[in-house]
Amino acid sequence: MDKKYTPKLWICVALDLLGCASYAVPMLGEVADIIWAPVAAIIFYRLFGGTLGSFGSMFTFIEELFPGTDFIPTFTLSWVIRRIFVAQHRSSVVSR
């Protein structure tokens, strides 16, 4: 059986908060996002991997670059998606 890794929820929440923290200092937020966007995309791919990691890392990169979209908790939403997918996968394997 293929076991998929799911990162800890607190790590995902912390990374989402780190992405929003750039707005704590006025005028620095968008400049910091230029640096944070590729870093967040790499971290996202390394955490989730596979199809979710590929799609999510591109989405995270774009979301961090565009102004006003930092409120989207991309890491946490992906954690929820992974947990639901793994739970459904396990239930389908058990029912076979």
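Note that this is a predicted model, so its numbers are computed, not measured. The basis for the numbers below is simple: all heavy atoms, side chains too, and nothing from hydrogens, waters or symmetry mates. We count residues from 1, following the sequence as given.
In this structure, Tyr45 shares a hydrophobic cluster with no other residue, the cluster being traced through Ile, Leu, Val, Met, Phe, Trp and Tyr side chains under 4.5 angstrom apart.
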Go through Asp33 and Leu65 one step at a time and tell me if the side chain to side chain contact (heavy atoms under 4.5 Å, CB included) criterion holds. CA-CA 6 Å; Asp33 280 347; Leu65 276 183; 5.6 Å; no
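Atom CZ of Phe48 and atom CZ of Phe55 lie 13.0 Å apart (nearest 0.5 Å). Between Leu47 atom CG and Arg82 atom CZ the span is 10.0 Å, to the nearest 0.5 Å.
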Identify every side-chain donor-acceptor pair in residues 14-21 under 3.5 Å, counting partners at least two apart or on other chains, and give the distances.
from: Asp16; atom 1: OD1; to: Thr74; atom 2: N; distance (Å): 3.3
from: Asp16; atom 1: OD1; to: Phe75; atom 2: N; distance (Å): 3.1
from: Asp16; atom 1: OD2; to: Thr76; atom 2: N; distance (Å): 2.8
from: Asp16; atom 1: OD2; to: Thr76; atom 2: OG1; distance (Å): 2.6

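The backbone N or O of Lys8 sits nowhere less than 3.5 Å from a side-chain atom of Trp79 that would complete a donor-acceptor pair.
Side-chain atoms of Val39 and Trp36, non-hydrogen and from C-beta on, do get closer than 4.5 Å to each other. Within the 4.5 Å cutoff, side-chain heavy atoms of Pro7 are placed close to those of Cys12.
Residues Phe71 and Leu77 fall within the same hydrophobic cluster, defined by Ile, Leu, Val, Met, Phe, Trp and Tyr side chains chained together at heavy-atom separations under 4.5 Å. Ile11 and Leu52 fall within a single hydrophobic cluster, where Ile, Leu, Val, Met, Phe, Trp and Tyr side chains are chained together by heavy-atom contacts under 4.5 Å.
For the pair Glu64 and Ala40, the tightest heavy-atom approach, listed with the atom from each and the gap, is CG-CB, 4.4 Å.
Pairs of residues two or more places apart, or lying in two chains, never qualify as side-chain hydrogen bond (donor to acceptor under 3.5 Å, both in side chains) while including a residue from residues 49-61.
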